[in-house]
Amino acid sequence: MNYWLVKSEPSVWSWDQQVGKGAKGEAWTGVRNYTARQNLVAMKKGDLAFYYHSNEGKEIVGIAEIIKEAYPDPTDKTGKFVCVDIKAHKAFKTPVTLAAIKVDKTLSEMALVKQSRLSVQPVTPEEWKYVCKLGGV
DNA sequence: GCCAACGTTGGC
DNA sequence: GCCAACGTTGGC
């Protein structure tokens with residue numbers, strides 16, 4: 001089992017919209033970055049990912065589950081990029097903000113802090129457990 | 001709205 | 001293959 005973090009701007013696609021899709025989930029399209037692409041390809045069905053809201057909120061609001069592994073992104077005309085399908089798995093009781101992550105010694109090494117522009121990032125099991133606790137899950 | 005960080009493009 | 005110019009992301 002691997003852990004990930006995916007980012008979305010709520011104005012484009014929010015957690016609430018993701019929850020609204022239910023068990024069917026939704027294609028996570030629009031990744032146009034090779035590092036992020038590598039991470040998408042490495043995802044396995046059943047892996048879990050933190051759902052982070054950028055720009056608005058700047059906080060991890062819940063957990064999504066990968067329900068379909070990487071396939072060509074239908075929104076990419078060049079055919080170079082891929083997407084996966086994810087569904088909402090569990091909402092955080094308490095969102096974990098970027099500010100909280102930055103000041104926390106255990107989390108200040110997260111890719112979210114170090115590589116703030118990367119939209120799909122790996123999360124270590126230690127970070128995962130810790131953030132889940134903070135989120136009240 | 002600004003700007004730092006960083007990824008991508010294209011000329012050489 | 002290098003690197004300058006340019007574009008984009010995302011926190012503030």
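In what follows, chains carry the letters A, B, and so on, assigned in the order in which the sequence lines appear, proteins first and then strands, with residues in each chain numbered from 1. When reading the values below, keep in mind they use all heavy atoms of this one structure, side chains included, and skip hydrogens, waters and symmetry mates.
- What separates CZ of A/R117 from C1' of C/dG11 is a distance of 12 Å, to the nearest Å.
- One can place CD1 of A/I101 at 14 Å from P of C/dG10, the figure rounded to the nearest angstrom.
- You'll find the side chain of A/K58 stays beyond 4.5 Å of the side chain of A/T97, heavy atoms only.
- Across all strands shown, A/N33 has heavy atoms under 4.0 Å from sugar-phosphate atoms exclusively, and none from any base.
- In terms of phosphate contacts, A/Y34 brings no side-chain nitrogen or oxygen within less than 4.0 Å of OP1 or OP2 of B/dC6.
- In summary, the aromatic rings of A/Y51 and A/W13 are positioned with their centroids too far apart to meet the 6.0 Å limit.
- The separation between A/L112 atom CG and B/dC6 atom P is 14 Å, rounded to whole Å.
- One can place CG of A/L118 at 9 Å from P of C/dG10, the figure rounded to the nearest angstrom.
- Atom NZ of A/K114 is separated from atom P of C/dT9 by 23 Å (rounded to the nearest Å).
- Of the candidates A/L134, A/L112, A/T106, A/L112 is the only one forming a side chain to side chain contact (heavy atoms under 4.5 Å, CB included) with A/I101.
- Between A/Q38 atom CD and B/dG7 atom P there is a gap of 14 Å when expressed in whole angstrom units.
- Straight-line distance from the CD atom of A/E59 to the P atom of C/dG11: 11 Å, rounded to whole Å.
- Checked by atom type and distance alone, the side chain of A/Q121 pairs as donor or acceptor with a backbone atom of A/Q115 at under 3.5 Å.
- For the OP1/OP2 pair of C/dT9 and a distance below 4.0 Å, the side-chain nitrogens and oxygens of A/K58 include no atom meeting the criterion.
- Counting to the nearest Å, the C1' atom of B/dG7 and the CZ atom of A/R32 are 15 Å from each other.
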